[in-house]
Amino acid sequence: MADRLHVEGWAPDYGSPLETDEDFTPPPGSVIDDAEVAGPWHPIDGHDDGVEVVVFVDGVRRVDAYLTVDRELGPVPGLCGSLAVGAVRWDRRVPRSTVTDVEVQRLAVFTNGLATDVPIAGPQLAYTTHAVHDPDPAVLIRHFHEQMRRAEARLAERLAAEGLFVVADGPINDLSATEKVGYIKTHRVTYLPAERAGIIARLGPGQRSPLFTIGQATSQFPKYSWYVRLAVLPNGHSWTGIVRCEASTKLGVAKAAVLANRTAALLPLVASEAHVDPRAPQNLVPISALEKEMRRYMGDPKFIHRALQAAVARSGALV
Amino acid sequence: MSGVGRVLGTEHSSTREFRVVLAEDEYLQLDDLVVVRTEVPKQGEVRTYGIVTEVEATFEGATFESDTMRIAELGILPGHKVRSAQVAVTRVDPELWVSVDPGEVVERAEGEERMKALYADEMGRPLPVGMGRDGKPVYVDLDFFDGRKGGHMSISGISGVATKTSFALFFLRLLSARPDILGEGAANLRILVFNVKGEDLLWLDKPNNQFDEEAREVWDELGVEPGPFPSVGFWAPPKPQSGDVVLPDTGGRQDGVTAFAWTPREFVDEGLLRFLFTDSSDTRNQIPFVEERVRSQLKRFAVDVAGEPGAIVLRDPVEGHRPGDTVVPNRGERVIRDLPSLVTELEGFIDPEDDEPDQRWTGRVQAGTISAFVRRLHAASHRLGHLVRAGESRRIDRQAAQVSVVAIQTLHDLGQRFVVGALLAETFAEKETTGQRLPLSVIVLDELNKYAPREGQSPLKEMLIDIAQRGRSLGVLLVGAQQTASRVAQEVMENAAIKVAGRLDAAEAERSEYGWMLPSTRARARLLKPGTMVISQPALPVPLVTQFPFPPWATRKEEVAEAGDPFAGL
């Protein structure tokens with residue numbers, strides 16, 4: 001196939017669905033591609049096994065204010081941020097989707113190991129302070145982001161432990177054998193070896209690749225992964241409309257294959273459309289609605305910023 | 001949460017209106033009454049009453065129209081159905097004009113709260129005039145009908161479906177049946193009703209065989225024993241060309257209907273000549289001038305004829321006769337026994353065949369004006385000549401019964417205007433003489449736009465304006481009905497304290513005459529069902545929608561339940 005130029009369908013603000021990020025680059029030799037099918041790969045049709053409720057879990061975060069502690073030794077940067085995690089329960093019997101389990105956390109993070117209390121800026125505006133020891137300001141966001149990921153993982157695991165089928169935004173990082181699938185919409189790297197990568201172009205909507213294993217030897221949390229095509233977009237390249245999913249290897253291949261078939265059958269149903277969502281089709285309809293809803297739960301950013309300024313000014317905020 | 005919902009917090013509430021987000025298991029419909037308690041700093045609790053003017057629902061979380069499918073059909077998009085109601089504030093108690101707080105509980109106004117929302121607690125004499133949408137009575141303050149604080153009622157709506165006349169009669173029945181509310185005005189209350197179309201009003205004294213149990217319950221609720229009008233007199237013009245036998249000119253009903261007419265003597269004494277010139281085009285030339293002159297000359301010239309009650313001869317006053325004299329007609333002298341003979345006799349004075357007009361009768365007007373005047377006289381004589389005849393007085397006795405129905409539907413327009421003009425003048429003159437407000441005299445007139453049109457001048461229009469402006473203090477109350485309020489003289493409309501509308505034509509509803517309606521009510525005015533009316537009254541800042549019950553009296557011959565009718569009530 002000759003190389004061709006394409007314009008990505010996602011709005012540029014969101015980056016590209018094809019982005020590389022070293023965090024996700026599999027170390028050499030960490031991918032095992034014969035977990036499910038040893039021979040030549042062919043697209044596998046999804047199968048809807050009639051699961052009644054599908055739960056989507058996601059989190060959002062927002063920096064409410066950047067802080068600085070003015071010390072003689074030099075300024076110490078910090079931030080106040082709000083994060084929210086929540087779920088959408090898609091009850092396929094009704095059918096109806098409902099936002100549930102939304103939880104908001106307010107965090108203040110400081111570098112240099114500083115644990116300063118931030119004055120309470122109003123009802124539901126009490127920030128819990130975390131101290132990170134690294135002096136690098138970039139670590140603030142990373143820590144904050146990590147807290148969100150953990151909250152997401154906790155909620156996803158709690159819901160999955162209830163016996164629900166959970167599709168969580170982002171990679172899976174635990175070892176439980178619950179029906180929990182990680183959903184990754186951007187592709188930083190091709191996990192497949194060159195001779196397998198051709199499968200992507202051959203996937204039709206509602207079809208998936210065979211399972212492959214990531215990090216069997218190299219990671220603390222080895223997992224099965226597979227690609228699903230949500231939709232065929234006009235003028236798309238072979239990776240448009242493709243998402244990658246993950247499930248714990250603790251499930252075993254057979255069980256993971258059931259989940260994989262399920263995702264291949266169900267996810268295209270909730271894929272977004274280009275005229276509605278700038279990140280179509282990968283940004284799933286329930287997840288984008290959930291994000292919007294959770295941002296609302298976090299409160300008005302301008303209001304919070306002013307409330308923080310006022311509260312700090314009022315308290316005199318001597319550290 | 002008790003109540004039906006909470007005050008919406010995403011938009012501003014004001015002293016005029018606010019929105020209610022409804023609880024999942026509650027509802028509000030149009031015209032429902034609600035109350036909100038707001039804690040005002042330094043003042044304590046203020047209760048805000050309001051009426052629902054619009055109800056809406058939407059999916060929260062839907063951004064695109066296609067999201068509706070994602071939410072409701074596919075179920076993949078979380079969306080929340082929210083229903084809300086717009087409320088127009090009717091009252092705050094105590095009178096502290098603050099807006100309601102967002103998030104406050106909104107409750108239905110029931111019992112005493114409902115009365116407060118309707119200002120019924122402040123009404124001097126609240127008369128229930130039908131049922132609100134909640135199935136409970138709504139009230140009209142009679143202080144604003146019988147002249148104490150205001151007077152008159154104006155009813156608008158499309159013919160046939162707006163049930164204007166039915167509502168007017170319903171109102172009058174309540175008025176006459178609730179002396180406990182009407183008070184001193186109830187004694188000797190007299191109602192004059194003109195039947196201008198069909199014979200709908202000729203059966204007011206007969207029970208209706210369609211009247212059912214459901215309607216009875218409503219009447220009971222209104223505190224009136226349902227039944228036909230107890231005291232009704234029916235009057236109709238005599239059949240034309242019926243010779244000496246005077247029969248009322250009605251189709252379906254003859255018994256109990258009395259024929260009415262004026263004698264030439266009454267015609268002259270009361271100056272009824274002016275009501276022969278009621279077309280608004282008549283005032284464009286000098287015809288009113290001639291008419292006035294002839295009218296006063298007639299009064300001077302008319303002399304009673306011995307042995308012929310009501311008949312007159314015209315003699316020059318210089319001959320020396322005095323008021324009350326009776327004379328024996330001379331040989332060849334024309335005795336005026338009806339309108340044609342009067343016209344012929346007048347012609348001798350004002351337009352003699354081979355002589356100059358007598359300027360004492362015509363003044364100095366152009367010959368063309370005189371011929372126009374005579375032409376109109378002839379037309380009138382042809383169309384309503386049978387309303388003037390000598391003999392015993394056959395004038396309408398408005399005191400004979402509480403309700404006098406005058407059936408003028410068979411008359412030509414000119415004749416209808418003549419009768420209406422003559423009777424209004426009579427009623428008004430009577431009250432002007434006494435100068436008293438009591439006893440009350442109510443006049444029901446449909447097609448008011450014919451009698452008091454917005455454009456042009458006529459003696460009838462002037463009279464109606466006079467009644468509208470001064471009738472209130474004289475106890476002459478006009479219940480006017482019309483298809484289109486925009487065609488009725490402004491002074492008449494403006495003076496009606498109580499305004500009522502049934503179904504309106506869509507274009508008509510947009511006119512400024514209906515500015516008293518809420519925009520939402522206006523939008524609905526063309527959907528109102530027969531029997532549903534919108535009422536506005538000075539005591540209430542918003543119009544109320546009311547439904548009035550089926551009448552217990554017959555409105556058609558077929559509906560008349562005969563005594564002992566085995567099918568009555570089936």
Side-chain angles (χ1 to χ4, degrees), chain A residues 48 51-58 84 86-102 123 165 167 183 230-231 263 265-297 299-300 303, chain B residues 1 3-14 18-27 36-42 55-86 99-106:
Chain A
D48 179 0
V51 61
E52 288 173 344
V53 178
V54 182
V55 181
F56 298 91
V57 171
D58 194 13
V88 170
R89 290 174 195 235
W90 175 25
D91 190 333
R92 301 177 63 217
R93 292 162 296 190
V94 183
R96 193 64 29 112
S97 288
T98 322
V99 173
T100 61
D101 306 281
V102 175
F165 172 53
V167 177
Y183 176 84
L230 298 177
T263 55
L266 297 183
L267 294 183
L269 301 180
V270 293
S272 53
E273 285 158 66
H275 62 281
V276 171
D277 195 309
R279 288 186 288 170
Q282 287 95 331
N283 203 29
L284 302 179
V285 169
I287 288 181
S288 80
L290 174 61
E291 287 183 356
K292 206 159 83 179
E293 183 79 355
M294 289 189 298
R295 287 211 169 82
R296 249 174 18 75
Y297 272 82
D300 181 53
F303 172 80
Chain B
M1 178 173 74
V4 288
R6 285 179 185 270
V7 176
L8 185 69
T10 50
E11 52 186 60
H12 296 261
S13 56
S14 73
F18 59 87
R19 278 183 97 81
V20 187
V21 184
L22 296 172
E24 294 273 329
D25 53 352
E26 283 290 348
Y27 77 97
V36 181
R37 291 172 172 75
T38 306
E39 199 59 34
V40 178
K42 297 180 183 167
V55 186
E56 291 167 340
T58 185
F59 272 135
E60 216 168 51
T63 324
F64 297 91
E65 294 179 9
S66 57
D67 282 349
T68 310
M69 294 300 175
R70 293 184 188 96
I71 291 170
E73 193 172 309
L74 307 172
I76 60 172
L77 180 67
H80 188 63
K81 181 178 74 182
V82 278
R83 295 167 308 142
S84 59
Q86 184 80 35
S99 62
V100 294
D101 279 349
E104 282 295 349
V105 174
V106 179

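Keep in mind it's a predicted model, so treat the numbers as computed, not measured. To find a chain, count down the sequence lines: A is the first, B the second, and so on, and within it residues start at 1.
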- prompt: For the side chain of A:Ser272 and the backbone of A:Val285, is there at least one donor-acceptor N/O pair under 3.5 Å apart?
  reply: no
query: Are the side chain of B:Arg83 and the backbone of B:Glu26 linked by a donor-acceptor contact shorter than 3.5 Å?
result: yes
- prompt: What option among A:Ala289, A:Pro286, A:Ser288 has the most heavy-atom pairs under 4.5 Å with chain B?
  reply: A:Pro286
message: Taking atom CZ as the centre, does A:Phe303 end up with more than 12 heavy-atom neighbours from other residues, nucleotides or ligands that are less than 6.0 angstrom away?
response: no
Under 4.5 Å heavy-atom distance to chain B, tell me which part of [X] shows up: side chain, backbone, both or neither.
| X | answer |
| --- | --- |
| A:Val94 | neither |
| A:Leu284 | neither |
| A:Glu273 | side chain |

message: Below 4.5 Å, heavy-atom pairs only: which of B:Ala72, B:Gly79, B:Ser66 has the largest tally toward chain A?
response: B:Ala72
Charged N-O contact under 4.0 Å between A:Arg296 and B:Glu60: no
query: For the residue pair A:Ala87 and A:Asp101, what are the closest heavy atoms and their distance?
result: CB-OD2, 4.2 Å
